[in-house]
Amino acid sequence: MSTHEDTSGLLVLAVDDEPHGLSELAHCLENNPAIRRIFTCTDATDALRLLASDDAEVRYRKDRGLAPVDAVFADLNMPGLSGMEMSRVFATLNPAPVLVFVTGHPEEAVNAFDLGAVDYVLKPCKQERLDKAIKRVLQSLQAAPAPAAPAGQEPVKTDDEVIAVELAGNTKLIPRANVRWVEAQGDYARLFTTDGSHLVRIPLAQLEERWEKAGFVRIHRSYLVALQLITELRMGQGGYQVVIGNEEKLLPVSRRHTRELKDRLVGSSRNS
C-alpha cells in the first residue's frame, strides 16, 4: 500500500533557482498525467517553509502522518542552502518524500543516491526522461508501507524539526532540539538556542501549535519555552517567573498561563 492516499495524482515540489530551469521542469511535470499538483520554489529556504505551510492539503497530509508532498524534484547548485542540504532535511521526515535530482552536474550522482534519491536527471530537462523518473517515483511510493497509527493515537511525527534561518546571505539549519525558548517580535520570532539567537519569520502562535507535542509551553503572550528546561517557578515582585536551565535566566509568566504551567510542571515531574 502506498503512503500516497489520493489516487488521482501526485503532489510534488519542484525547486530550482534558475527561472528557465524551473519553468522547464514544471512544464514537463505538468505534462505527465500522474502529476496532480505542483509547488514551485526558487530556493531551498522557501522549499523548507513548505514543512510549516498553511496550505490546506499539506496540513491534511501531515495530520495523517504523511509526507508534506509525494516527491521533491530539486536542482543541486543553489545559492545559500544547496539542493543536497535541503534534501537531507526532507530525508529526515518520517515518512519522507521521494527525492529526484534534476541538475547539470553529473559528478554529484553518487552523493544523490547515497541520500536515497530514486533518480538523477541531467539538464536540459526532457519530457521522456522525466517521465521515467516519475515512473520510478510511483514505484517507490507503491513499495513503501503505509504509516501505521494505532486507533485513537496521534499520527507519526518527525523526531525533530529543523528551522532554516537566513543570516548575512547564508542559510543555517537550527534543530528544534537546540531551541531553549522563543520570544515573539511582531510577525517574527527569535529563537534562543544553545549558541545564540536567531530571528525567523514565523509567528509565535504558529510555533506554539507546531511544537506543543514536542514539549514547548506558552508561558506568556511573548514567550514559548521548552518545558524540560524549566528548573524553577518562582514568585517575583511582578508575578511568577521561570528559571531556564542553570544559568538563572528568568522569563515572566503571565497570570493566565500560570495554572496551566503549574499543571504541566507537576505532570512532567510525575512522569520523569
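Just the heavy atoms: all of them, side chains too, but no hydrogens, waters or symmetry mates, feed the values below. All residue numbers in this chain count up from 1 along the given sequence.
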Intermediate values then yes/no, side chain to side chain contact (heavy atoms under 4.5 Å, CB included), Ile230 and Leu265: CA-CA 8 Å; Ile230 297 177; Leu265 288 172; 4.0 Å; yes

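- Contact check for Leu48 versus Met86: side-chain heavy atoms found under the 4.5 Å cut-off.
- A donor-acceptor contact shorter than 3.5 Å links the side chain of Ser87 to the backbone of Gly83.
- Residues satisfying the salt bridge (charged side-chain N to carboxylate O under 4.0 Å, His left out) test with Glu30, not counting sequence neighbours, are none.
- In terms of heavy-atom proximity, Asp55 sits nearest to Arg37 at OD1-NH2, 2.6 Å.
- Side-chain contact between Lys249 and Val243 is absent, with no heavy atoms from C-beta onward closer than 4.5 Å.
- When the side chain to side chain donor-acceptor pair (under 3.5 Å) test is applied to Tyr240, the partners found at least two apart in sequence or on another chain are Lys262.
- Residue pairs meeting the salt bridge (charged side-chain N to carboxylate O under 4.0 Å, His left out) criterion with at least one partner in residues 72-81, sequence neighbours excluded, are Asp75-Lys123.
- Interatomic distance, CG of Leu10 versus CG of Leu141, reported as 6.0 Å (0.5 Å rounding).
- The ring pair (Phe, Tyr, Trp, His ring centres under 6.0 Å) search around Phe39 returns none, not counting sequence neighbours.
- Looking at heavy atoms from C-beta onward, Leu233 lies in side-chain contact with Leu261 at the 4.5 angstrom threshold.
- Side chains of His198 and Thr193 form a contact here, defined as non-hydrogen atoms less than 4.5 Å apart.
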Verdict with supporting geometry, Val69 and Val12, side chain to side chain contact (heavy atoms under 4.5 Å, CB included): CA-CA 5 Å; Val69 294; Val12 302; 5.8 Å; no

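- The shortest distance between side-chain heavy atoms of Arg61 and Leu11 falls below 4.5 Å.
- Smallest separation of non-hydrogen atoms from Ala133 and Val100: CB-CG1, 4.2 Å.
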Stepwise side chain to side chain contact (heavy atoms under 4.5 Å, CB included) check, Gln185 with Leu199: CA-CA 9 Å; Gln185 295 189 357; Leu199 193 66; 3.5 Å; yes

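- How far CG of Leu25 is from CG of Leu130: 6.0 Å, rounded to the nearest 0.5 Å.
- Of the charged side-chain nitrogens involved, none lies within less than 4.0 Å of a carboxylate oxygen, so that Arg36 and Asp70 do not count as a salt-bridged pair.
- Looking at Val179 and Trp211, their side chains come closer than 4.5 Å, going by heavy atoms from C-beta outward.
- Residues Phe73 and Ile134 come closest through the heavy atom pair CZ-CG1, 4.0 Å.
- Considering Leu99, Leu138, Val98 as possible partners of Val118, the one that fulfils the side chain to side chain contact (heavy atoms under 4.5 Å, CB included) test is Val98.
- Here the straight-line distance linking atom CG of Leu207 with atom CZ of Arg176 works out to 10.0 Å at 0.5 Å rounding.
- Scanning for side chain to side chain contact (heavy atoms under 4.5 Å, CB included) contacts around Pro252 gives His220, Tyr223, with sequence neighbours left out.
- A cation-pi arrangement is absent between Arg88 and Phe90, since the terminal nitrogen or guanidinium carbon is not both under 6.0 Å from the aromatic centre and inside a 45° cone about the axis.
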Stepwise salt bridge (charged side-chain N to carboxylate O under 4.0 Å, His left out) check, Arg129 with Asp119: CA-CA 10 Å; Arg129 181 63 184 86; Asp119 209 345; 2.6 Å; yes

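- Leu13 approaches Cys41 most closely through the heavy-atom pair CD1-SG, 3.8 Å.
- Identified under the salt bridge (charged side-chain N to carboxylate O under 4.0 Å, His left out) test for residues 193-202, with sequence neighbours left out: Lys172-Asp195.
- Listed by chain and residue number, Asn31, Asp131 satisfy the side chain to side chain donor-acceptor pair (under 3.5 Å) test with Gln127 (two or more places apart in sequence, or in another chain).
- Applying the side chain to side chain donor-acceptor pair (under 3.5 Å) rule to Ser254 yields the partners His257; only residues at least two apart in sequence or on another chain are considered.
- Between Phe101 and Tyr120, the ring planes are tilted. Angles from 30° to 60° get that label.
- Crowding of Arg221 atom CZ: a count of heavy atoms from other residues, nucleotides or ligands under 6.0 Å not exceeding 12.
- Atoms CD and OH, from Glu183 and Tyr188 in turn, are 15.5 Å apart once rounded to the nearest 0.5 Å.
- Remark: Glu209 pairs with Arg59 by the salt bridge (charged side-chain N to carboxylate O under 4.0 Å, His left out) rule, at least two apart or across chains.
- Between the CG atom in Leu29 and the CD1 atom in Ile35 there is a gap of 5.5 Å [rounded to 0.5 Å].
- Leu76 and Met84 get closest at one heavy-atom pair: CD2-CE, 3.6 Å.
- Judged as a side chain to side chain donor-acceptor pair (under 3.5 Å), and not counting sequence neighbours, the contacts of Arg190 are Ser197.
- With contacts defined as side-chain heavy-atom distances shorter than 4.5 Å, the pair Asn77/Thr103 does not qualify.
- Salt-bridge annotation for Lys126 and Glu128: absent, with no side-chain N of the basic residue lying under 4.0 Å from a carboxylate O of the acidic one.
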Leu50 and Val58: CA distance, side-chain angles, deciding distance, side chain to side chain contact (heavy atoms under 4.5 Å, CB included) verdict: CA-CA 8 Å; Leu50 187 69; Val58 171; 4.0 Å; yes

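- In terms of heavy atoms, Ser222 sits closest to Leu204 at C-CD2, 3.6 Å.
- Between Glu18 and Thr42, the closest side-chain pair of non-hydrogen atoms is not below 4.5 Å.
- Here Glu212 contributes atom CD and Leu227 contributes atom CG; the two are 11.0 Å apart, rounded to the nearest 0.5 Å.
- Partners of Arg256 according to the salt bridge (charged side-chain N to carboxylate O under 4.0 Å, His left out) rule, which considers only residues two or more places apart in sequence or in another chain, do not exist here.
- In this view, Glu260 satisfies the salt bridge (charged side-chain N to carboxylate O under 4.0 Å, His left out) rule with no residue, not counting sequence neighbours.
- Linking ILVMFWY residues whenever their side-chain heavy atoms come closer than 4.5 Å, directly or via other members, leaves Leu22 and Val15 in distinct clusters.
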